[in-house]
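Data block below; observations after.
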Amino acid sequence: MLRMVTIGVYGFDGESFPKRLRHADVRLLLDVRQRRGVRGPEYAWANSLRLQAALASARIAYERHPELAQTTELRQLQDQTVDRDRGQPGRHRIRPTTTPASVRIGSAVRRDHVARKELDGMMLGL
């Protein structure tokens, strides 16, 4: 049975990330980041080419789908509300927050992605 899992790069390193994916029996990683890089030297391994090489070594296929990325507007809304209110950048998020601002952002994200049907077609093609 096909199942989908989600993961982010923060909190991992170049060794633990592919190991976690293999442990979850992930065979295909869909990179839905708007940008191919991650800020900060501790996450250089997550930049596109390095990530693809690590995934290939772990025998995990890679596909890039920026059309499914969070929009710039939603990212800016998140930066201006949740992260600023908590006084920390996004890379320090440990768990989802349930502040009123985050609930509004979550609703906007769901509406944004539901409005786009690319994911439906992609899942049918797997």
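The residues of the chain are indexed from 1 along the displayed sequence.
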Minimum side-chain heavy-atom gap I7-L21 below 4.5 Å: yes
Close side-chain approach of W45 to V9, heavy-atom, < 4.5 Å: yes
Within-4.5 Å side-chain heavy-atom neighbours: L51 and V38: no
Counterpart residues, ring pair (Phe, Tyr, Trp, His ring centres under 6.0 Å), relative to F12 (two or more places apart): F17
Pairing residues for S57 by the side chain to side chain contact (heavy atoms under 4.5 Å, CB included) criterion, not counting sequence neighbours: none
Listed partners of A61 passing side chain to side chain contact (heavy atoms under 4.5 Å, CB included), at least two apart: L28
All side-chain hydrogen bond (donor to acceptor under 3.5 Å, both in side chains) counterparts of N47, not counting sequence neighbours: none
A58: partners by side chain to side chain contact (heavy atoms under 4.5 Å, CB included), with sequence neighbours left out: P18, R22, I60
Shortest non-hydrogen separation from Y62 to D31 and the atoms involved: OH-OD2, 2.7 Å
Co-membership, hydrophobic cluster, residues L55 and L49, 4.5 Å side-chain: no
With sequence neighbours excluded, residues passing side chain to side chain contact (heavy atoms under 4.5 Å, CB included) with R36: S48, Q52, R64
Shortest non-hydrogen contact from H65 toward E67: ND1-OE2, 2.8 Å
